[in-house]
Amino acid sequence: MFDKVSRILLKVFGSRNERLVKAYSVIAQEAGEFEEQTKKLDDQALKAKTTQFKAALKAGTRPEDILAEAFAVVREAARRNVGMRHFDVQLIGGKVLYEGKVTEMATGEGKTLAATLAAYLVYLTGRKVHIVTVNDYLAKRDAEWMGPVYQALGLTVGAIQADMDTAGDDRKSQYRCDITYGTNNEFGFDYLRDNMKTSLDQMVQSERQYAIIDEVDSILIDEARTPLIISGPAFDDVTRYKKADQVTRKLISLHSSYDRTKRQIDSAERMIASAQGELAEAKKDKDKKRIENAQKTLETSQAELQIAQVRLSEATQYYEVEYDRKAVHLTHEGVGAAQEIAGVGSFFTGSNMDWPHLLEQSLRAHVTFEKEKDYVVMDGKVIIVDEFTGRLMHGRQWSDGLHQSVEAKEAVTVKEETQTLATITLQNFFKLYDQIAGMTGTAATEAEEFMNIYKLDVVVIPTNEPCIRDDREDVIYKSMPEKFDAIVEEINDISLSGRPLLVGTTSVEKNEALSAALTKKFGLEHELLNAKHHEREATIVAKAGQQHKGRDGRMRGNITVATNMAGRGTDIVLGPGVAETGGLHVLGTERHEARRIDNQLRGRAGRQGDAGSGQFFLSFDDDLMRVFAPEWTVKALSWIGWEEGQPIYHKRISKGIEKAQKKVEERNFEIRKSLLEYDEVMDYQRKIFYSRRREILAGKGLKNIIQEMIDAAITKNCDTILNKDYSLNCIIEWARTNFGADLRASDIAGTKTEEIERLIKRQAKDNAANNISLSMGEYLEDYSDPRSWDIAGLCKWAMSAFRVSLSPGKIEHQSPEEIEEQLISAAAEQIDKKDCS
Ligand code: ADP
Ligand code: MG
């Protein structure tokens with residue numbers, strides 16, 4: 001048995017990947033040679049093969065030596081029990097997986113089945129196998145779907161589900177199986193949870209020996225940007241988020257005129273570029289009317305630009321926004337205004353030091369995070385939406401107060417700031433396995449990262465049938481509304497022709513806008529998906545390749561509008577007659593930040609040699625261009641003429657877009673790398689701490705551990721207490737916590753108690769005086785001009801900080817020095833009152 005594909009494969013020479021594939025494809029022939037004899041075995045004898053293989057391995061046979069026969073056995077078990085005989089390309093994929101590499105196999109090539117080969121052989125070598133899926137639904141589906149193959153060979157199969165008790169028998173028994181399916185979340189959280197349990201018998205997870213990660217790019221790359229976190233409440237003041245939120249709202253309204261002017265400038269610049277493009281083209285065509293029009297627009301826009309620029313120079317900028325990094329920074333003016341609004345004194349003293357950070361997080365929440373795009377609000381909770389996949393990330397939280405700031409923005413209950421009890425990045429979690437392998441339709445673009453971070457090689461496997469999908473060139477429009485209209489028309493046309501469509505959108509919000517337009521303009525029946533309900537989704541996506549009867553009785557193609565991740569993992573099989581109409585058409589409404597995600601979408605059409613096509617619709621207003629390549633976009637506008645509503649085909653523009661994507665990919669790679677570096681120390685601690693904890697729970701060598709601890713404690717305490725400066729150090733520590741004073745041992749050695757007290761208090765007063773003059777500067781902007789003074793703010797602050805009641809009427813006639821004096825002496829009085837005995 002030797003499929004035609006393998007013969008084709010063997011002919012291929014050239015690149016590294018082709019050489020690799022060629023070497024791997026020998027397995028197809030070798031396994032093929034065992035096919036006839038394996039077929040002759042009855043079910044009993046087939047199952048008995050497992051015992052024989054295990055015995056052989058035990059006796060010293062190398063796994064590689066039985067690999068071909070073992071694969072033939074699995075292939076036969078699959079043919080008999082699930083009605084699928086592994087294609088040769090699946091055998092190749094299976095071998096790549098067995099060796100702990102990433103196999104890139106296109107969507108619909110049957111990765112689920114390919115994984116059984118590697119899983120079986122790994123099981124034979126005495127290791128447990130975890131197969132990692134992107135959601136619970138797929139974990140269950142794959143375990144049930146592939147179950148008969150494993151069971152026929154005497155293996156047990158389980159699937160972890162999120163709703164299983166975290167220390168219950170149900171979960172434990174899934175882990176006891178030879179092959180366990182589950183999501184990265186469940187595997188990762190079980191690891192963390194196990195290490196927080198107080199007895200060994202509550203722990204559920206078996207050892208982490210070998211894992212096959214399905215949709216490996218989604219898990220090790222997209223999801224790897226947010227670590228898994230188990231948190232508990234920290235008893236913290238949550239009202240400060242609400243206070244910051246109020247200040248932020250005022251800042252935003254103060255800043256709005258700057259913002260508006262800035263937008264006017266942007267649009268004028270774009271208009272100028274556009275007009276230049278038009279002018280150049282009109283001149284080429286020698287079209288007088290067009291030249292005149294373009295000239296006119298050019299002049300008006302230039303005039304507008306000038307006016308706006310003057311206005312900008314007069315407007316106050318309170319903060320600066322970096323949309324591409326989702327960062328906001330307060331300017332000097334912003335800090336000043338915020339201090340004034342908050343009324344708590346200078347942000348740069350004492351407990352106020354928190355404010356700038358709180359405000360920046362709150363501003364980020366308001367300005368760079370969008371509801372329905374970056375997050376949704378459900379049941380009074382803020383739930384993060386994964387920007388790559390559109391999936392809701394239940395239980396994940398932004399850190400550093402950002403999540404609380406978004407909660408304050410949305411006026412839902414601000415959850416108590418949480419403290420992290422246990423955390424791990426996905427990268428470090430999967431490094432805990434002795435070996436991992438991965439499979440996905442899109443890995444090649446990220447091959448470098450797989451190698452650098454995970455030491456995973458990527459092998460791209462050719463498709464079983466040649467791919468005949470028609471990947472069409474991008475259609476580009478100047479503005480978003482033009483593009484939007486064109487998309488709606490295109491969807492209607494294609495569906496009318498009987499072809500089904502899968503329309504990919506980048507956010508829930510856009511998804512819904514498009515859906516509304518389809519209904520309004522053409523009354524088109526369609527399905528709307530946004531990765532909220534995996535199971536329902538799978539049923540809908542499965543129908544995405546079919547037709548339905550329209551109201552006029554004619555057959556129309558189904559229309560499915562989906563965010564990126566919706567239904568990933570579910571096969572889109574063409575309905576009867578659809579192949580003749582041209583198959584499934586995939587329409588991307590925007591390019592994503594990563595080319596990989598675009599390829600993933602395209603790949604939904606044309607599976608297993610099916611007819612199909614794909615095309616992306618872009619506009620110059622798309623986020624990718626506006627946010628990540630604003631300057632380039634303006635330049636590109638000047639390369640083209642006007643023609644309203646007409647698409648633009650331009651090589652240089654397509655190249656520019658790809659460049660913008662590469663830039664974002666690199667940036668995202670950096671983010672993931674720094675997350676990993678940041679986790680490095682914790683990773684070290686975690687490993688030591690968890691293994692020590694386990695030893696203790698297991699009661700292993702407890703005596704030694706305790707003895708060591710006692711020794712260490714005695715040594716440490718003797719060193720501290722018997723130190724000749726011990727009493728001095730105690731005084732220094734006490735002065736620091738109670739007075740914020742910073743003494744040195746040499747200052748107080750041999751000094752009398754009263755003298756030390758004087759010293760401490762003098763330092764405390766100096767510190768207070770310093771803080772006072774700093775804060776005074778914030779309230780009394782220009783000392784020589786009382787009209788610039790914020791007297792109300794000053795009084796409020798003096799009251800809250802020193803319990804000094806200043807009279808506004810009196811202050812106006814005082815000099816700043818007098819006011820300062822008054823505050824300093826009030827502060828000194830308070831310090832003097834403190835008891836030092
Ligand atoms: P992938 O995960 O690679 O996108 P799936 O594992 O979901 O693909 O399989 C896609 C489809 O191909 C499924 O409907 C499956 O039944 C079918 N399939 C896979 N392998 C075979 C095979 N060897 N013979 C027949 N059908 C197969
Ligand atoms: Mg799959």
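Every number for a ligand or one of its atoms is a count from 1 in the order of the listing. Position 1 is the first residue of the sequence, and the numbers go up from there.
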Main chain of Met164, side chain of Arg171: is a donor-acceptor contact present, judged purely on distance under 3.5 Å? yes
Neighbour count above 12 (heavy atom, 6.0 Å) for Gln52 CD: yes
Looking only at protein heavy atoms, what sits closest to atom 4 (O) of ligand 1 is Gly108 N, 2.6 Å
How close does the nearest protein non-hydrogen atom get to atom 8 (O) of ligand 1, and which residue and atom is it? Gly110 N, 3.2 Å
Distance only, no hydrogens: is a donor on one side chain within 3.5 Å (strictly under) of an acceptor on the other, for Asn558 and His548? yes
Atoms of ligand 1 less than 4.0 Å from Thr107 heavy atoms? 4 (O)
Taking atom OG1 of Thr183 and atom OH of Tyr137, what is their separation to the nearest 0.5 Å? 15.5 Å
Identify the closest protein heavy atom to atom 14 (O) of ligand 1: which residue and atom is it, and at what distance? Asp571 OD2, 3.0 Å
At a 4.0 Å cut-off, with the gap strictly under it, does some heavy atom of Ala106 reach an atom of ligand 1? yes
Crowding at CD, Glu448 (>12 non-hydrogen neighbours, <6.0 Å): no
Among all the protein's non-hydrogen atoms, which is closest to atom 20 (N) of ligand 1, and how far away is it? Gln90 NE2, 2.9 Å
Any N/O pair Lys111/ligand 1 closer than 3.5 Å: yes
Look at atom 12 (O) of ligand 1 and find which of Arg607, Arg75, Glu215, Glu109 reaches it with the closest heavy atom. Arg607
Using a 4.0 Å cutoff against the non-hydrogen atoms of His86, which atoms of ligand 1 qualify? 23 (N)
Any luck finding a side-chain donor-acceptor pair between Thr442 and Gln600 under 3.5 Å? yes
For atom 7 (O) of ligand 1, grab the closest protein heavy atom and report residue, atom and distance to one decimal in Å. Thr112 OG1, 3.8 Å
Any chance the rings of His86 and Phe71 have centres within less than 6.0 Å? no
Ignoring hydrogens, just give me the one of Arg85, Met84, Arg604 whose non-hydrogen atom is nearest atom 23 (N) of ligand 1. Arg85
Report yes or no: do Arg602 and Gln615 form a side-chain donor-acceptor pair below 3.5 Å? no
Leu113: numbered ligand 1 atoms lying under 4.0 Å from its heavy atoms: 20 (N), 23 (N)
Taking atom 24 (N) of ligand 1 as the reference point, the nearest protein heavy atom with its distance: Phe87 CZ, 3.4 Å
Given the side-chain rings of Phe187 and His130, with only the six-membered ring counted for Trp, is the space between their centroids under 6.0 Å? yes
